[in-house]
Colleague: 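The following block contains the structure, expressed as structure tokens.
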Amino acid sequence: QGTLVESGGGLVRPGGSVKLSCAASGIGISTGNIGWFRQAPGKDREFVAARRQNGATYYADSLKGRAAISRDNAKNTLYLQMNNLRPEDTAVYYCASRTNWNVQYYRADVWSNWGKGTQLTGST
């Protein structure tokens with residue numbers, strides 16, 4: 001199903017911004033479905049955002065107004081911009097893909113192809 005590689009995480013001060021990358025190989029970033037999830041220690045993997053292959057985007061309530069998906073077709077990379085970061089945003093962020101859209105996109109267990117993740121730490 002191809003390979004996904006996340007990058008762009010790090011230590012970010014409260015109120016700061018970050019732009020995470022999901023670089024895809026063997027997957028068309030524009031024609032496939034891409035989801036972003038995050039997982040903090042001791043917690044379940046949590047939905048962050050997703051882009052449907054028709055261009056529609058979806059965001060978790062906690063990220064609405066603070067997150068935006070964009071893409072670079074030439075680089076076959078999907079980006080997740082996040083602003084006004086909080087300590088609660090600390091997690092490993094993963095991107096995932098699937099060739100067909102699932103109406104339960106907000107469930108981690110419907111996605112089968114995952115990257116290894118990138119650590120984002122929101123300092124206090």
Side-chain angles (χ1 to χ4, degrees):
Q1 294 182 347
T3 301
L4 303 172
V5 179
E6 303 93 335
S7 63
L11 180 64
V12 182
R13 62 186 177 88
S17 298
V18 70
K19 190 174 186 179
L20 304 180
S21 298
C22 177
S25 299
I27 302 167
I29 213 75
S30 297
T31 57
N33 304 284
I34 307 293
W36 282 97
F37 288 77
R38 65 187 182 186
Q39 189 163 24
K43 288 190 164 186
D44 292 334
R45 195 161 294 190
E46 177 188 25
F47 172 71
V48 174
R51 182 188 183 274
R52 191 172 179 175
Q53 61 192 131
N54 67 1
T57 55
Y58 306 83
Y59 300 94
D61 288 343
S62 62
L63 276 300
K64 288 179 179 176
R66 300 196 295 126
I69 286 174
S70 61
R71 60 194 171 113
D72 186 331
N73 289 343
K75 296 180 179 179
N76 202 34
T77 298
L78 195 77
Y79 302 99
L80 177 66
Q81 175 76 37
M82 293 187 290
N83 305 314
N84 299 318
L85 292 172
R86 308 160 182 167
E88 309 92 87
D89 295 319
T90 296
V92 177
Y93 284 72
Y94 301 88
C95 61
S97 70
R98 48 181 301 134
T99 56
N100 60 307
W101 183 250
N102 192 302
V103 295
Q104 295 183 309
Y105 59 88
Y106 49 86
R107 292 176 59 102
D109 59 7
V110 310
W111 301 81
S112 58
N113 189 36
W114 294 86
K116 293 294 181 65
T118 184
Q119 174 72 49
L120 177 67
T121 302
S123 64
T124 58

Colleague: Can you name the residues that form a side-chain contact (heavy atoms from CB on, under 4.5 Å) with Asn76, not counting sequence neighbours?
Modeller: Ala24, Ile29
Colleague: Donor-acceptor pair, distance only, cut-off 3.5 Å: does the side chain of Thr90 make one with the backbone of Gly122?
Modeller: yes
Colleague: How are the rings of Trp101 and Trp111 set to each other: parallel, tilted or perpendicular (split at 30° and 60°)?
Modeller: perpendicular
Colleague: Hey, could you give me the CD1/OG1 distance between Ile34 and Thr57, rounded to the nearest 0.5 Å?
Modeller: 13.5 Å
Colleague: Please check if atom CG in Asn73 has more than 12 non-hydrogen atoms from other residues, nucleotides or ligands closer than 6.0 Å.
Modeller: yes
Colleague: What salt bridge (Lys or Arg N to Asp or Glu O under 4.0 Å) pairs are there with at least one residue in residues 70-86, not counting sequence neighbours?
Modeller: none
Colleague: Partners of Tyr106 by side-chain contact (heavy atoms from CB on, under 4.5 Å), sequence neighbours excluded?
Modeller: Phe47, Gln104
Colleague: Check whether any side-chain heavy atom of Glu6 sits under 4.5 Å from a side-chain heavy atom of Tyr93, and report yes or no.
Modeller: no
Colleague: How long is the straight-line distance from CG of Leu80 back to CG of Leu63, given to the nearest 0.5 Å?
Modeller: 7.0 Å
Colleague: Residues two or more places apart in sequence or in another chain: which of them pass side chain to side chain donor-acceptor pair (under 3.5 Å) with Arg66?
Modeller: Asp89
Colleague: In Å and rounded to the nearest 0.5 Å, what is the OG to CZ distance from Ser97 to Arg51?
Modeller: 13.0 Å
Colleague: Hey, what do you get for CZ (Arg38) to CZ (Arg45), rounding to the nearest 0.5 Å?
Modeller: 13.0 Å
Colleague: Only pairs at least two apart or in different chains count here, so list each salt bridge (Lys or Arg N to Asp or Glu O under 4.0 Å) that has a residue in residues 106-123.
Modeller: Arg107-Asp109
Colleague: Can you name the side-chain contact (heavy atoms from CB on, under 4.5 Å) partners of Lys64, sequence neighbours left out?
Modeller: Tyr59, Asp61
Colleague: Tell me which pairs pass disulfide bond (SG atoms under 2.5 Å apart) where either residue lies in residues 55-124, with sequence neighbours left out.
Modeller: Cys22-Cys95
Colleague: Taking ILVMFWY side chains as joined if any heavy atoms are under 4.5 angstrom apart, and letting links pass through other members, which residues group with Ile27?
Modeller: Leu4
Colleague: Between atom CG of Asn100 and atom CD of Gln53, what is the distance when rounded to the nearest 0.5 Å?
Modeller: 8.0 Å
Colleague: Tell me whether Leu78 shares a hydrophobic cluster with Met82, the cluster being built from Ile, Leu, Val, Met, Phe, Trp, Tyr side chains joined at under 4.5 Å.
Modeller: yes
Colleague: Could you go through residues 9-21 and list every donor-acceptor pair under 3.5 Å that involves a side-chain atom there, pairing it with any protein atom two or more places apart or in another chain?
Modeller:
residue: Ser17; atom: OG; partner: Asn83; partner atom: OD1; Å: 2.9

Colleague: Treating Ile, Leu, Val, Met, Phe, Trp and Tyr as nodes and any side-chain heavy-atom pair under 4.5 angstrom as an edge, say whether Val92 and Phe37 lie in one connected cluster.
Modeller: yes
